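In what follows, a structure is listed as structure tokens, so that the remarks can point back to it.
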Protein chains: 2
Amino acid sequence: MIRRFLSKNKAVLGYGLSLAVLLFILKWLELRFVIYDHAMELYVGAIALMFTLLGIWLARKLTRPQKETIIIEKTVYPDTSLGFVPNETEIAGLGISKRELEVLELMARGFSNEEIANRLFVSLNTIKTHSSRLFEKLDVSRRTQAVEKAKRLRLIP
Amino acid sequence: MIRRFLSKNKAVLGYGLSLAVLLFILKWLELRFVIYDHAMELYVGAIALMFTLLGIWLARKLTRPQKETIIIEKTVYPDTSLGFVPNETEIAGLGISKRELEVLELMARGFSNEEIANRLFVSLNTIKTHSSRLFEKLDVSRRTQAVEKAKRLRLIP
DNA sequence: CGATGGGTCATACTTTAGTATGATTTTACG
DNA sequence: CGTAAAATCATACTAAAGTATGACCCATCG
């Protein structure tokens, strides 16, 4: 606890210490030389200088550095393969299954139903049923519409 | 020239002025009260305080603010719908005509050939020929592929 | 002026897409 | 263990999409 206090109030402690040292020097000067009236200006000047310097030092120590936030806008071209996060909420809300989503993705990539069937190792009819259900759920009637809507809803990249 | 000097050295001049004022005050105090030995500490203290404050003020005026730059990189995704610039080079290179591009855009938006025909006030057959030529030029065989490729080549948004 | 390219349209045809319906098999869950 | 959702497949059909070919109009350009 004490260490924390020390570290937190380092500047203040430093100021106190400096003050003490300066007062000591003053006392010493007072004893060393009899202060005549004509020496007064010099004495005051010295004090002024010292404390001005102290003030400068204090100011530099105490003022916390001004933070300047520079926001660099970095344009990132939608690298569909890297930075895509599917809208799970929408997918779930529409009740689209995993398999249907797979079909949808391949559709969006321009594959025909037959090509999709070959890729997924199922029959053409299966793909047809999948796509039909997909169109129902997406409330569309053609694959191009489905792709357009799916991209708009961020179901697919 | 004088005004420029004044404005450039405002802080220095301020310091000089303050010093003069303070010295005047000191002189006044010296005249006003006879400075006894026991009043010495108080006097010195006042000077110390004043000059410390002056030093702080000076430091704040003269030293340029300590900046701590925080750089935040903010990724900005370009709004494809607003700031879209078609790749004219590619369009010209592939020899795609204005009308064909129109058809392509409507295709991408999910319209059927018949819908496109109605929109452009031409017959279904015309749209079919347009799309056939389009597919040839894009080297694809289906509309979904055409849309995918066109978007990839930035022919359409 | 004639060739060229863009746009239009038609007919005839093939292929792909999409719908309707029914059935079987997995798989997940209470 | 039984049920519901998901996934599979089939048949039969309709509706789009796409191809091939030929024709016509019109502006532009050498």
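Predicted model only: the values in this text are computed from it and were never measured. Here is how names work: the chains are called A, B, and so on, in the same order as the sequence lines, proteins then strands, and each is numbered from 1. Side chains are part of it too, since the values below use all heavy atoms of this structure and drop only hydrogens, waters and symmetry mates.
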Any B/Ser97 side-chain N or O less than 4.0 Å from OP1/OP2 of C/dG5: no
query: B/Glu102 CD to C/dG6 C1': how many Å, rounded?
result: 13 Å
- prompt: Has the side chain of A/Glu105 got a donor or acceptor atom that lies under 3.5 Å from a matching backbone atom of A/Glu102?
  reply: no
message: Whole angstroms only, please: what is the CZ-C1' distance between A/Arg99 and D/dA5?
response: 16 Å
message: Rounding to an integer number of Å, can you tell me how far B/Phe121 CZ sits from C/dC9 P?
response: 12 Å
- request: Nearest whole angstrom, please: distance from the P of C/dG18 to the NZ of A/Lys137.
  value: 16 Å
- prompt: For the atom pair CG (A/Leu155) and CD (A/Glu88), what is the distance rounded to the nearest 0.5 Å?
  reply: 10.0 Å
message: Tell me the bend of the helix from C/dC1-D/dG30 to C/dG30-D/dC1 as the angle between end helix axes, each from five pairs, rounded to the nearest 10 degrees.
response: 50°
- prompt: Can you tell me if B/Ser131 uses its side chain to pair, donor with acceptor, with the backbone of B/Ile127 under 3.5 Å?
  reply: yes
message: What does the B/S/- profile of nucleotides 13-30 of chain D look like, 5' to 3', with a 4.0 Å heavy-atom cutoff to protein?
response: ----BBB-----------
field: Side chain proximity check, B/Ile156 to B/Pro86, heavy atoms < 4.5 angstrom
entry: no
Whether B/Lys128 side chain and B/Asn113 backbone form a donor-acceptor pair below 3.5 Å: no
query: Between D/dA5 atom C1' and A/Ile96 atom CD1, what is the distance in whole Å?
result: 15 Å
Phosphate OP1/OP2 of C/dT8 contacted by B/His130 side-chain N/O (<4.0 Å): yes
query: Would one find a side-chain N or O of B/Thr126 under 4.0 angstrom from OP1 or OP2 of C/dG7?
result: no
field: Spacing of CG belonging to B/Leu134 relative to CG belonging to B/Leu104, to within rounding of 0.5 Å
entry: 5.0 Å
task: Indicate yes or no for a side-chain donor-acceptor contact from B/Glu115 to the backbone of B/Ser112 under 3.5 Å, with no hydrogens or angles considered.
output: yes
Heavy-atom donor-acceptor pair, A/Gln145 side chain to A/Ser141 backbone, under 3.5 Å: yes
Spacing between B/Ile91 atom CD1 and C/dG6 atom P, to the nearest angstrom: 14 Å
statement: Taken to the nearest whole Å, CD1/A/Ile127 to P/C/dT19 is 15 Å
field: Separation of D/dC9 P from A/Leu120 CG (nearest whole Å)
entry: 10 Å
- line: Note: B/Leu101 and B/Ile96 closest approach over all heavy atoms is N-CG2, 4.0 Å
